[in-house]
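Below is one structure, written out as structure tokens; the observations come after it.
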Amino acid sequence: MKSSKWLLTLVTIFTVLLLAACGGNEDQTKDSAEEPEKKESYTVEHAMGSTPLEGTPEKVVILTNEGTEALLALGMTPVGAVQSWTGDPWYKHIEDEMKDVQVVGVESQVNVEAIAALQPDLIIGNKMRQEDIYEQLKAIAPTVFAEDLRGNWKNNFELYAKAVNKEEKGKEVLAAYDKRIEDLKEKLGDKVNLEISMVRFMAGDVRIYHKDSFSGVILEQIGFARPESQDKPDFAEKGVTPERIPAMDGDVLFYFTYEEGDGKATEIEKEWIENPLFQNLEVAKKGEVHKVDDAIWNTAGGVKAANLMLDDLEKFILK
């Protein structure tokens, strides 16, 4: 009988110890589950200094048109963005991806209050456009600024990819674009030696575009020649008068019109295209004058527009 009681006591003690051990393990598991996940820390060097960041930002506000395209290409939809220069409120080629995005002004006039209301964890802007409000933006959330908006769009794209902690995805996007360039070069063959002319019509200005413009950089990457008067390392010749029409000649001429909705830019376009001096250009006589989308060839300025511009070049030159 005593041995039976002794055995029962041992079993009881063992059971208590086992339950205590299980409870301890459960508490440890619970503590581990409740422990916050450590976020990767990194620092982004940019036009206004250095900005430390933690983890991949989820609520990003973007303050340039080309920056919007960069985020979309990286698989991110911003919570807020500046309105497209044309469109209602977005360019047609991105509007389907921007349905739930809040407008926070335009590049040249950002709505700081609207940005603050979105409680972003990252703001991406541009020194050329928004330097004077950098401190205000920085007080809302970590802020990264690109230096400028002209020339090679890839430079800004790489900065944005780093800022949102998606450098590897960024490399994939650029590699795919570079492959398209190489494929197009191969298809073009000797046609890459054609001289490509570019002209822009605006309500208050007519411009001949040079090499340090969005479309100029892309033409140079492909290897196209430019007319001598346009083969310059700057942005554009502004305030062009009809006397400069001969400088628009080339083997192929692309023109784009910045229409704000009042029809004035379209009137300017018609007036210049129908000008006898323009009609007398060799490129016009050959029927190689082509109207293209201003958003794609100039104002959008990002990776999506760059790919669509390649589509246009293939369509018109390899027709």
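- Between L277 and E243 there is no side-chain heavy-atom pair separated by less than 4.5 Å.
- The shortest heavy-atom contact between G125 and L63 is CA-CB, 4.0 Å.
- The backbone N or O of A247 sits less than 3.5 Å from a side-chain atom of S229, completing a donor-acceptor pair.
- Residues E158 and L174 have side chains in contact (heavy-atom distance under 4.5 Å, counting atoms from C-beta outward).
- The number of heavy atoms from other shown groups lying within 6.0 Å of NZ (K291) is above 12.
- Side-chain contact between L219 and L313 is present, with at least one heavy-atom pair separated by less than 4.5 Å.
- Between the side chain of D312 and the backbone N or O of V292, no donor-acceptor pair lies under 3.5 Å.
- Salt-bridge check for E182 with K185: passed, with a basic side-chain N closer than 4.0 Å to an acidic carboxylate O.
- Nearest heavy atoms, T241 versus W272: C-CH2, 3.3 Å.
- Y160 contributes no side-chain N or O that, together with a main-chain N or O of I62, makes up a donor-acceptor pair within less than 3.5 Å.
- Heavy-atom minimum distance, G170 versus A161: CA-CB, 4.1 Å.
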Is there a side-chain contact (heavy atoms from CB on, under 4.5 Å) between L184 and L318 once you walk through the steps?
CA-CA 10 Å; L184 182 54; L318 296 176; 4.2 Å; yes
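- Counting only distance, with no hydrogens or angles, the side chain of W90 and the backbone of M98 share a donor-acceptor pair below 3.5 Å.
- Here D178 pairs with K154 under the salt bridge (Lys or Arg N to Asp or Glu O under 4.0 Å) rule; sequence neighbours left out.
- Looking only at atom types and distance, the side chain of E147 has no donor-acceptor partner in the side chain of H46 under 3.5 Å away.
- Of the possible donor and acceptor atoms, none in the side chain of S84 sits under 3.5 Å from a partner among the backbone N and O of G87.
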If you apply the rule salt bridge (charged side-chain N to carboxylate O under 4.0 Å, His left out), what do you find for E282 with K285, and how did you get there?
CA-CA 5 Å; E282 288 302 317; K285 291 176 183 177; 3.6 Å; yes
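- Note that CD of E97 and CG of L72 are 4.5 Å apart. Values are rounded to the nearest 0.5 Å.
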Salt bridge (charged side-chain N to carboxylate O under 4.0 Å, His left out) between K166 and E172, intermediate numbers included
CA-CA 10 Å; K166 287 184 176 286; E172 290 174 15; over 6 Å; no
Would you be so kind as to tabulate the donor-acceptor pairs closer than 3.5 Å made by side chains of residues 193-210, with sequence neighbours excluded?
from : atom 1 : to   : atom 2 : distance (Å)
N193 : ND2    : D190 : O      : 3.3
S197 : OG     : Q230 : NE2    : 2.7
S197 : OG     : M248 : O      : 2.7
R200 : NE     : D294 : OD1    : 2.8
R200 : NH1    : Y209 : OH     : 3.4
R200 : NH2    : D294 : OD1    : 3.4
R200 : NH2    : D294 : OD2    : 3.1
D205 : OD1    : G239 : N      : 2.7
D205 : OD2    : R207 : NE     : 2.8
H210 : ND1    : D234 : OD1    : 2.5

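- The side-chain heavy atoms of T64 and F145, taken from C-beta on, include no pair separated by under 4.5 Å.
- Of all heavy-atom pairs between A73 and F157, the closest is CB-CE1, 4.3 Å.
- No more than 12 heavy atoms of other residues, nucleotides or ligands sit less than 6.0 Å from atom NZ of K270.
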Applying side-chain contact (heavy atoms from CB on, under 4.5 Å), run through E45 and V144 and close with a yes or a no.
CA-CA 8 Å; E45 304 291 334; V144 170; over 6 Å; no
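- The residues D183 and K179 are annotated as salt-bridged, a charged nitrogen and a carboxylate oxygen being separated by less than 4.0 angstrom.
- Pairs of residues two or more places apart, or lying in two chains, that qualify as side-chain hydrogen bond (donor to acceptor under 3.5 Å, both in side chains) and include a residue from residues 214-225 are Y177-Q221, K211-E220.
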Residues E237, R244; criterion side-chain contact (heavy atoms from CB on, under 4.5 Å); working and verdict:
CA-CA 10 Å; E237 179 182 347; R244 289 291 292 153; 2.9 Å; yes
Report all side-chain donor-acceptor pairs from residues 254-261 shorter than 3.5 Å, counting only partners two or more places apart or in another chain.
from : atom 1 : to   : atom 2 : distance (Å)
Y255 : OH     : E269 : OE2    : 3.4
T257 : OG1    : E269 : OE1    : 2.8
E259 : OE1    : T266 : N      : 2.9
E259 : OE1    : T266 : OG1    : 2.6
E259 : OE2    : G261 : N      : 3.0
E259 : OE2    : D262 : N      : 3.3
E259 : OE2    : G263 : N      : 2.8

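- With salt bridges taken as basic N to acidic carboxylate O contacts below 4.0 Å, none links D251 and R226.
- Atom CD in Q279 sits 7.5 Å away from atom CD in E274 (nearest 0.5 Å).
- Residue pairs meeting the side-chain hydrogen bond (donor to acceptor under 3.5 Å, both in side chains) criterion with at least one member in residues 126-143, sequence neighbours excluded: E107-R129.
- Following chains of ILVMFWY side-chain contacts shorter than 4.5 Å, one cannot reach L118 starting from M76, and the two form parts of different hydrophobic clusters.
- Within the 3.5 Å criterion, the main-chain N or O of E168 finds no donor-acceptor partner in the side chain of K171.
- No donor-acceptor distance shorter than 3.5 angstrom exists from the side chain of N156 to the backbone of A146, with no hydrogens or angles considered.
- Atom-to-atom distance recorded for I124:CD1 and L71:CG is 5.0 Å, nearest 0.5 angstrom.
- Applying the 6.0 Å contact sphere to NZ of K92 captures no more than 12 heavy atoms from other residues, nucleotides or ligands.
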Distance-only check: which donor-acceptor pairs under 3.5 Å involve side-chain atoms of residues 109-117, not counting sequence neighbours?
from : atom 1 : to   : atom 2 : distance (Å)
N111 : OD1    : E113 : N      : 3.2
N111 : OD1    : A114 : N      : 2.9

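- Looking at L188 and F224, their side chains come closer than 4.5 Å, going by heavy atoms from C-beta outward.
- Linking ILVMFWY side-chain heavy atoms closer than 4.5 Å, directly or via other members, places I218 and I317 in a single hydrophobic cluster.
- In this structure the side chain of D249 never reaches within 4.5 angstrom of the side chain of P227, judged on heavy atoms.
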Determine whether T77 and D100 satisfy the following criterion, side-chain contact (heavy atoms from CB on, under 4.5 Å), listing intermediate values before the conclusion.
CA-CA 9 Å; T77 302; D100 299 321; over 6 Å; no
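- Counting all heavy atoms, side chain and backbone alike, G301 lies closest to A305 at N-CB, 4.3 Å.
- Minimum interatomic distance between P57 and V60 (heavy atoms only, all atoms of both residues): CB-CG2, 3.9 Å.
- The neighbour count for K99 NZ, taken as heavy atoms of other residues, nucleotides or ligands under 6.0 Å away, does not exceed 12.
- Environment of CD in Q119: sparse, with no more than 12 heavy atoms of neighbouring residues, nucleotides or ligands closer than 6.0 Å.
- Checked by atom type and distance alone, the side chain of N275 never pairs as donor or acceptor with a backbone atom of E271 at under 3.5 Å.
- Put simply, L159 and L122 are part of the same group of oily side chains (I, L, V, M, F, W, Y) that touch within less than 4.5 Å, one to the next.
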